[in-house]
Amino acid sequence: MTDKSTFYTRVYAIARQIPPGKVTSYGAIARALGAAKSARMVGYAMGNSPEDVPAHRVVNRVGILTGKHHFPGTNLMQQLLENEGLTIINDQVQDFEQHFWSPVSEDYTQE
DNA sequence: TGAGTGACTGTAA
DNA sequence: CTTACAGCCACTC
């Protein structure tokens with residue numbers, strides 16, 4: 001715990017960069033860190049993510065709130081996303097690709 | 001030190 | 001189209 005150079009810390013750094021009203025996938029964050037195969041670790045890291053990390057903006061590759069059960073509330077994650085202006089139906093983000101935000105795309109120029 | 005686990009992803013049938 | 005299986009890395013006990 002004394003060393004913050006863990007993989008988790010890097011995940012938090014990316015998660016904090018997620019703008020409001022946007023969502024991303026675990027694989028996208030993992031890929032941004034250069035460890036695309038460690039997507040599971042990303043989700044696992046979210047379980048220990050501090051409150052300053054919008055973990056509710058992180059979903060799986062299909063836009064489903066896979067980690068909503070890890071939130072204190074039953075549907076808190078969904079409520080938070082809806083509060084961001086997103087539409088959640090059946091624990092799934094509607095127009096996920098439309099609200100998808102890539103952590104690596106921040107270096108790219110928006111078209 | 002070793003084995004187990006996981007908020008995932010991609011490919012196959 | 002849907003369902004199933006295997007791989008993968010980093011962390012904890």
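By convention in this document, chain letters (A, B, ...) are assigned in the order of the sequence lines, proteins followed by strands, and residues within each chain are numbered from 1. Just so it is clear, the structure is predicted and the values come from calculations on it, not from any experiment.
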Can you tell me the distance, in whole Å, between the CG atom of A/Asn60 and the P atom of B/dA7?
12 Å
Specify the separation, in whole Å, of atom CZ of A/Phe7 and atom P of C/dC11.
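The distance from CZ of A/Phe7 to P of C/dC11 comes to 8 Å, rounded to the nearest Å.
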Which side-chain hydrogen bond (donor to acceptor under 3.5 Å, both in side chains) pairs, counting each pair once, include a residue from residues 52-68 of chain A, with sequence neighbours left out?
A/Arg16-A/Asp52, A/Tyr26-A/Thr66, A/Arg57-A/Glu84, A/Lys68-A/Asp91
Taking all non-hydrogen atoms of both residues into account, name the closest pair between A/Pro54 and A/Ala15 and its distance.
CG-O, 3.3 Å
Specify the closest pair of heavy atoms between A/Tyr12 and A/Ser49, including all atoms of both residues, with the distance to one decimal.
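A/Tyr12 and A/Ser49 have their closest heavy atoms at CE2-CA, 3.5 Å.
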Say you draw a straight line from OG of A/Ser102 to CD1 of A/Ile29; how long is it, rounded to the nearest 0.5 Å?
10.0 Å
What's the separation between atom CG in A/Asn75 and atom CG in A/Leu80, rounded to the nearest 0.5 Å?
9.5 Å
So if you build clusters from Ile, Leu, Val, Met, Phe, Trp, Tyr with side-chain heavy-atom gaps below 4.5 Å, do A/Ile14 and A/Tyr44 land together?
yes
Sub-3.5 Å pairs of nitrogen or oxygen atoms, protein against nucleotides 1-4 of chain C:
none

Residue-level proximity of residues 67-94 of chain A to DNA chain B when a heavy atom falls under 4.0 Å
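Heavy-atom cutoff 4.0 Å gives A/Gly67, A/His70, A/Phe71, A/Met77.
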Pairwise ring-ring contact (aromatic ring centres under 6.0 Å, His included) hits with a residue in residues 68-100 of chain A, at least two apart:
A/Phe96-A/Phe100
Among the nucleotides B/dG10, B/dC8, C/dC11, whichever has the atom closest to the side chain of A/Arg61 is B/dG10
Derivation of the side chain to side chain contact (heavy atoms under 4.5 Å, CB included) call for A/Val58 and A/Met46
CA-CA 9 Å; A/Val58 186; A/Met46 284 312 186; 3.5 Å; yes
Side-chain N,O (A/Thr6) to OP1/OP2 (C/dA10) below 4.0 Å:
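A/Thr6 to C/dA10 OP1/OP2: no side-chain N or O under 4.0 Å.
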Residue pair A/Gln92, A/Leu65: steps toward the side chain to side chain contact (heavy atoms under 4.5 Å, CB included) verdict
CA-CA 6 Å; A/Gln92 183 173 14; A/Leu65 313 183; over 6 Å; no
Close approaches to DNA chain C from residues 28-48 of chain A, in residue order (heavy atom, under 4.0 Å):
A/Lys37, A/Ser38, A/Arg40, A/Met41
Which hydrophobic side chains are connected to A/Val62, either touching it within the sub-4.5 Å cutoff or through other members that do?
A/Ile64
